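This report concerns only the one structure given below.
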Amino acid sequence: MLDVYVGPVITTPPENVTVREFEPASFSCVVTARPTPMVDWTVRRTISDTLNLVSSTFSSTAAVGLLGQRNATLELDNVTFADRGSYTCSGDGVASGFVSNGV
């Protein structure tokens, strides 16, 4: 038997989202690899109106699709001004390591 590993590729990157304060926000991305990749989200938030940034990494709801495809959705409830920032979807796979794409 021959197994072939394919490195992660973000086939559907996240899109920019604008919402009103206290409304929900949702980001999604699709990462494809073989074997099925792990997906994480990283956010870089702006503190006040300065250039000081805080980074956090967390996992999101993810469903396994066809052929090693992982559909990852990040849902934020009741967003506030403090939630603004850059959200990045990252895929990590056995072959070729790591890819990311953000908004």
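Just so you know, these numbers come straight off a predicted model, no measurement behind them. What's counted below: heavy atoms across the whole structure, side chains too, no hydrogens, waters or symmetry copies.
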Going through the distances and angles, do F22 and T80 end up as a side-chain contact (heavy atoms from CB on, under 4.5 Å)?
CA-CA 6 Å; F22 307 116; T80 66; 4.0 Å; yes
Can you tell me how far apart [atom1] ([X]) and [atom2] ([Y]) are? Round to the nearest 0.5 Å.
X   : Y   : atom1 : atom2 : result
C89 : D40 : SG    : CG    : 9.0 Å
N78 : E21 : CG    : CD    : 10.0 Å
L74 : S26 : CG    : OG    : 7.5 Å

Taking all atoms of both residues into account, what is the closest heavy-atom pair of V19 and P24, and its distance?
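Nearest heavy atoms, V19 then P24: CG1-O, 3.5 Å.
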Where is the tightest heavy-atom contact between V31 and G91, given as atom of each residue plus distance?
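Shortest heavy-atom separation between V31 and G91 comes out as CG1-CA, 3.9 Å.
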Listed by chain and number, what are the side-chain contact (heavy atoms from CB on, under 4.5 Å) partners of T11, not counting sequence neighbours?
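Counting only residues at least two positions away or on another chain, T11 forms a side-chain contact (heavy atoms from CB on, under 4.5 Å) with V9, V30, T32, Q69.
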Which residues share a side-chain contact (heavy atoms from CB on, under 4.5 Å) with T18, sequence neighbours left out
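Residues passing side-chain contact (heavy atoms from CB on, under 4.5 Å) with T18: none at all.
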Determine, step by step, whether T73 and S28 satisfy the side-chain contact (heavy atoms from CB on, under 4.5 Å) criterion, reporting the C-alpha distance in whole Å, the side-chain angles of both residues, the deciding distance to 0.1 Å, and the verdict.
CA-CA 4 Å; T73 301; S28 61; 4.0 Å; yes
The test is side-chain contact (heavy atoms from CB on, under 4.5 Å); show your working for F27 and V17 and say whether it passes.
CA-CA 8 Å; F27 297 96; V17 175; 3.6 Å; yes
Give me the other members of the hydrophobic cluster that V4 sits in, counting Ile, Leu, Val, Met, Phe, Trp and Tyr linked by side-chain heavy atoms under 4.5 Å, directly or via other members.
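Other cluster members: L2.
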Could you identify which residues cluster with M1, counting Ile, Leu, Val, Met, Phe, Trp and Tyr as linked when any side-chain heavy atoms lie under 4.5 Å apart, either directly or through a chain of such contacts?
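Its cluster mates, by chain and number: none.
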Do W41 and M38 sit in one hydrophobic cluster, given that two such residues count as connected whenever their side-chain heavy atoms are within less than 4.5 Å of each other, even indirectly?
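No.
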With a 4.5 Å cut-off on side-chain heavy atoms, are C29 and P14 touching?
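They are in side-chain contact.
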Looking at R70 and P37, would you say the former's side chain and the latter's main chain have a donor-acceptor pair under 3.5 Å?
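Between the backbone of P37 and the side chain of R70 there is a qualifying donor-acceptor contact (under 3.5 Å).
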